[in-house]
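Taking it in order: structure first as structure tokens, then the write-up.
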There are 2 protein chains.
Amino acid sequence: MTTQHKYHHGNLKVAFVAAARDLLEQDGLAALSLRKCAEKVGVSHTAPKNHFGNMAGLMTAIVTQGYSELAERMACDGSPCQQREAALLGYVAFAQANPALYELMFSRDRLVNDDPDLMVQVRACFVILAAASKDLGWHSGTADEQDGKGQVALWSFVHGYAQLVTAGRFKKDNMQGLSILDILPALSKDAD
Amino acid sequence: MTTQHKYHHGNLKVAFVAAARDLLEQDGLAALSLRKCAEKVGVSHTAPKNHFGNMAGLMTAIVTQGYSELAERMACDGSPCQQREAALLGYVAFAQANPALYELMFSRDRLVNDDPDLMVQVRACFVILAAASKDLGWHSGTADEQDGKGQVALWSFVHGYAQLVTAGRFKKDNMQGLSILDILPALSKDAD
DNA sequence: CGACAATGTTTACACTGTAAATATTGGGGA
DNA sequence: TCCCCAATATTTACAGTGTAAACATTGTCG
């Protein structure tokens with residue numbers, strides 16, 4: 001009974017997302033296809049249409065899960081300084097652990113960008129990064145201006161670093177033994 | 001005679017790259033296809049095989065041209081401070097003017113990453129950014145250490161900013177009237 | 001218990017990249 | 001000059017892709 005094939009799979013949505021993520025990290029973004037996912041799950045290739053609509057819908061679901069996991073990786077309960085370090089290290093670690101998914105998460109025209117679930121998870125990540133950019137001391141102006149600029153600056157920095165690392169644009173010559181905490185400007189000010 | 005169709009196109013390589021870039025910025029990265037390029041050029045759909053080998057070869061050619069243009073946009077003959085400003089503004093302007101091409105330029109598995117021509121152009125861009133990161137004053141350590149970290153930091157920063165802007169991850173609320181020069185930390189130190 | 005919505009399958013179609021065989025052209029040596 | 005050959009472009013073919021429409025199965029709720 002347990003392994004018996006039923007006409008209704010039950011939770012095909014989560015099975016599809018899992019299969020898609022396996023294919024994504026195993027063979028790369030270009031090799032991801034609905035039909036391979038369907039074969040992997042053991043279901044006809046048009047089954048996902050009921051759950052995701054189309055390819056963009058499936059990718060949006062994967063990416064939404066990705067942002068959720070990214071938020072988990074960045075979360076920290078310690079001091080502000082510890083929060084910042086955890087967020088940055090978690091961000092880069094996530095990108096390195098899921099490079100193909102990370103690329104898809106910042107793709108321009110493959111996702112349903114106005115998907116409500118996706119927007120919620122993206123916002124959750126931004127909130128964590130916003131908290132991590134408090135009291136950076138990078139900018140002048142009022143406290144609000146400092147916060148606004150600091151948020152944009154910190155996210156730009158960590159995202160650019162993560163993508164350039166995962167895309168292989170940094171040669172090892174410059175990077176051996178360095179983490180993002182060593183590269184971030186003026187972070188050492190309150191580091192110890 | 002001038003518009004007469006010849007069996008040998010003449011300079012089909014540059015014609016294909018131009019057609020591909022048109023399609024790229026018009027319909028997005030997902031809509032780029034060899035067959036559409038061929039139709040646009042007015043040639044059979046297997047013609048590019050002799051020049052580019054495959055899709056990755058064509059994309060590599062487009063991206064190589066992109067890096068060349070990016071270097072042009074960043075280049076500046078003025079003072080070090082002017083060079084830095086020109087490089088950063090040119091970088092962001094290029095990304096905003098060619099968002100789909102810019103995304104492709106940092107794609108992971110669609111390009112021939114060890115292509116000699118591509119590596120030359122990528123390196124040229126890095127050289128300009130390295131010059132622009134001189135005397136940033138962001139890091140401590142020896143001059144060499146400062147330079148190495150500053151190069152990685154500045155490229156991370158500008159690339160992350162450019163991609164997050166073109167990907168629409170920044171809401172207008174935080175960004176109205178601000179340029180990257182306003183966001184860069186500690187750049188105002190020598191800005192005036 | 002029966003209708004109905006949810007879910008999955010079958011079939012079909014247009015489109016894509018790639019390979020192999022073929023055709024055309026132009027240029028460089030006899 | 002002429003002919004051969006390499007470069008270049010075409011034709012044909014094939015496997016793979018996403019998507020739509022029609023159909024089949026299942027669970028649920030009145």
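Just so it is clear, the values below take in all heavy atoms, side chains as well, and ignore hydrogens, waters and symmetry mates. Residue numbers begin at 1 in each chain, while the letters A, B, ... track the order of the sequences.
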Could you tell me how far apart [X] ([atom1]) and [N] ([atom2]) are, to the nearest whole angstrom?
X     : N      : atom1 : atom2 : value
B:E39 : C:dC15 : CD    : C1'   : 12 Å
B:K40 : C:dT16 : NZ    : C1'   : 18 Å
B:M55 : C:dT16 : CE    : P     : 10 Å

Quiz item: Quick one: is C:dT9 close enough that its OP1 or OP2 comes under 4.0 Å of any side-chain N or O from A:T46?
Solution: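 Looking at the OP1 and OP2 atoms of C:dT9, neither is under 4.0 Å from any side-chain N or O of A:T46.
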Practice problem: Report yes if a side-chain nitrogen or oxygen of B:H51 is closer than 4.0 Å to either non-bridging phosphate oxygen (OP1 or OP2) of D:dA9; otherwise report no. | Solution: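 True: B:H51 side-chain N/O within range (under 4.0 Å) of D:dA9 OP1/OP2.
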Quiz item: Of the nucleotides C:dG17, D:dG18, D:dA9, which one has an atom closest to the side chain of B:L34?
Solution: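 Of the candidates, C:dG17 comes closest.
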Exercise. Please tell me which of the listed nucleotides, D:dT19, C:dG8, C:dG17, lies nearest to the side chain of A:S44?
Key: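 Nearest listed nucleotide: C:dG8.
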Exercise. Decide yes or no, distance alone: a donor-acceptor N/O pair under 3.5 angstrom between the base of D:dA7 and the side-chain of B:N50.
Key: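 Between D:dA7 and B:N50, which were checked side chain against base, a qualifying N/O pair under 3.5 Å is absent.
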Quiz item: Does any N or O donor sit under 3.5 Å from an N or O acceptor when you compare the side chain of B:H45 with the base of D:dT11?
Solution: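 No pair found.
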Exercise. Mind telling me whether A:W155 and B:F170 have parallel, tilted or perpendicular rings, with 30° and 60° as the class edges?
Key: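 The arrangement is perpendicular - the two ring planes meet at more than 60°.
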Self-check item: B:L89 side chain near B:L181 side chain, heavy-atom distance below 4.5 Å
Solution: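 Result yes, sub-4.5 Å side-chain heavy-atom pair found.
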Quiz item: Do the two ring centres, one from A:H159 and one from A:F106, sit under 6.0 Å apart?
Solution: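 Yes: the rings meet the under 6.0 Å criterion.
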Quiz prompt | N-O pairing of A:D147 and A:K134 below 4.0 Å | solution =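 Counted as a salt bridge, because a side-chain N and a carboxylate O are separated by less than 4.0 Å.
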Self-check item: Which residue lies more 5' along DNA chain D, comparing A:K36 with A:K49 via nearest heavy atoms
Solution: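 Whichever sits nearer the 5' end wins; that is A:K36.
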Quiz item: Hey, which of these two, B:P48 or A:R35, hits DNA chain D nearer its 5' end, going by closest nucleotide?
Solution: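 On the 5' side of the pair lies B:P48.
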